[in-house]
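Step one of this worksheet: look at the structure below.
As the structure lists them, so they are numbered: ligands from 1, and atoms in each ligand from 1.
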Amino acid sequence: MRTIDLIQRKRNGEELAVEEIAWLVESYTRGEIPDYQMAAFLMAVYFQNMTDHEVGAMVEAMIASGERLDLSMIEGPKVDKHSTGGVGDKTSLIAGPLAAAAGVKVPMISGRALGHTGGTLDKLESIPGFRTDLTADEFRKQLSEVGFAVIGQSDTVTPADGKLYALRDATATVESTALIAASIMSKKLALTLDGLVLDVKVGTGAFMKRQVDARKLAQMMTTIARRADLRAQALITDMSQPLGFAIGNALEIMEVSQTLQNAGPSDLTRISLELAARMIHLGKLTTTIEEAREVAQKKLLDGSGYQKLKQMIQAQGGNPQVLDRFELLPNATGAMEITSPRGGFISAIDAEEIGLASGMIGAGRDAKEDSIDAAVGVVLEVKVGQKVDEGSVLCRIYFTNEERVTEAAERVEDAFRISAQAPEPRELILDVVG
Ligand code: URA
């Protein structure tokens, strides 16, 4: 087989065979296909899409690039949660601990920042000492003892996703339904899970800008799960403005801490509680979703979700005190206020622009090998629907290096729309699939 032939056929809209996709993924993972050829293939997929058959083959090939992690010896229902990516989306670090506090075992394989969106692993690594490279045995042990463990793709678990994820991020090939579904589902099916809750984001800050595409992605992923005998449910949730107030790695850890102490933003709290309830229900710890909602709420109010996150941080080598003492997290050295040019109502906050501006000052990566500046980001002072006066602070940009702050500030300013009328309120949870 020759890579160039497969690129050409995909570019021309042909369907590739299972063995061809398997060969491509395996050879790329082993370093036998260069990045430039794989990037061309990904771009062909971006434009031509993949059939269900091809996506299934891609998922299998990506799982086969590493080992499957058997968790069947661990007692209790194993349920994971994964988001398709959004700006300010830190729900995994709230829903995960709440579900674990309720008795669900939460084995999470998370991702890094991708495109304009943040990644759970990067957020966790802003905690001094935190390790995301647990061995399979450490992961299992922590899951048994703490009930919540977070790792990333590695040399053993879906290494193909690790390589492809970074390549897609640097080649503008992230926003493909087929590639997103294959990336997420390969990580999830590499573990023996009992349930999976998917949060499919839609809106400017998501990869899916239209609800019909988000639905397609949700259906694709829940169908892959069903074929693999995995109970899965997808929520389609609004990402037309950033979730919560904080965008940026350490800043988001601070907001996670506040939210798990029931002092967080209402949109973030609401979605996280619903995701936790779905995890509890899929794990069959309650018979109805209403009961599961009550359990999730209780775990928030009694502080056990918050304690669970601390236990997880400690178990993974991090300092759990960061949740109480934010000065122990990386902190920015400068801040710039963005103020409203006139009075009125906030009618939109373009989440993609805010995500891109945060990336520009170091919260994300431009190239595969770039490092992240954990301290930087944006903290909103207002949300859509709020009334502001001329000169009111809309948000603050936190930075450590002045180089691109002016450019980022212009982007952030342009992200806010102010109108004379209050906008219609938008639903946060738009649909449930599966
Ligand atoms: N999350 C993933 O793990 N992969 C994607 O492609 C997008 C979001």
Side-chain angles (χ1 to χ4, degrees), residues 25 28 38-39 41-43 45-46 49-50 54-55 58-59 61-63 65-66 69 80-93 95-96 106-124 132 150-154 157-191 193 196-209 213-214 216-222 224-225 230 232 234-237 239 243 252 275 351-352 355 359 364-365 368:
V25 171
Y28 177 64
M38 200 59 186
F41 177 77
L42 295 173
M43 193 55 89
V45 172
Y46 176 87
N49 212 345
M50 274 181 154
E54 287 177 306
V55 177
M58 188 91 182
V59 170
M62 287 166 75
I63 298 172
S65 70
L69 255 182
D80 194 1
K81 172 262 158 196
H82 200 94
S83 161
T84 57
V87 176
D89 181 5
K90 55 215 56 99
T91 55
S92 291
L93 295 176
V106 185
M108 228 174 229
I109 303 197
S110 296
R112 299 198 171 276
L114 190 65
H116 56 277
T117 71
T120 302
L121 296 179
D122 294 319
K123 292 171 203 186
L124 283 170
T132 56
V150 185
I151 53 171
Q153 315 97 329
S154 65
V157 182
T158 57
D161 185 52
K163 285 192 82 178
L164 288 170
Y165 197 88
L167 188 62
R168 287 166 57 213
D169 193 24
T171 56
T173 49
V174 170
E175 294 95 335
S176 148
T177 320
L179 295 176
I180 295 175
S183 163
I184 293 179
M185 294 312 292
S186 62
K187 288 193 282 279
K188 305 295 124 179
L189 295 177
L191 305 181
L193 292 175
L196 172 65
V197 176
L198 295 158
D199 183 6
V200 180
K201 300 274 178 213
V202 60
T204 58
F207 296 126
M208 299 296 118
K209 308 292 183 203
D213 296 323
K216 253 188 230 158
L217 178 57
Q219 275 164 343
M220 192 181 275
M221 292 194 290
T222 49
I224 294 170
L230 171 63
L235 303 189
I236 299 183
T237 66
M239 186 27 76
L243 193 53
E252 293 192 41
L275 290 166
E352 181 168 19
R365 297 178 182 81
K368 279 201 323 180

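Between D161 and ligand 1, no pair of N/O atoms sits closer than 3.5 Å. Not one N or O of T84 is nearer than 3.5 Å to an N or O of ligand 1, by distance alone.
Not a single heavy atom of G111 sits under 4.0 Å from any atom of ligand 1.
The single protein non-hydrogen atom nearest to atom 1 (N) of ligand 1 is H82 NE2, 3.3 Å, given as residue, atom name and distance. At the shortest separation from atom 4 (N) of ligand 1 among protein heavy atoms lies S183 OG, 2.7 Å.
In this structure a side-chain-to-backbone donor-acceptor pair under 3.5 Å is missing from T222 to A232. At distances below 3.5 Å, not a single donor-acceptor pair connects side-chain atoms of K201 with backbone N or O atoms of T237. Counting only distance, with no hydrogens or angles, the side chain of T158 and the backbone of D161 share no donor-acceptor pair below 3.5 Å. Looking only at distances, a side-chain donor or acceptor of S65 sits under 3.5 Å from a matching main-chain atom of A160.
Close approach of ligand 1 to Y165 is summarised as follows: ligand atoms under 4.0 Å from at least one heavy atom of the residue are 2 (C), 3 (O), 4 (N), 5 (C). Near K187, meaning under 4.0 Å from one of its heavy atoms, ligand 1 places the atoms 2 (C), 3 (O), 4 (N).
In summary, the side chains of K187 and H82 do not present any donor paired with an acceptor at a separation below 3.5 Å, with no hydrogens or angles considered. S92 and K81 share a donor-acceptor pair across their side chains, judged by distance under 3.5 Å alone.
Only the side chain of L114 comes within 4.0 Å of ligand 1, judged by heavy-atom distances.
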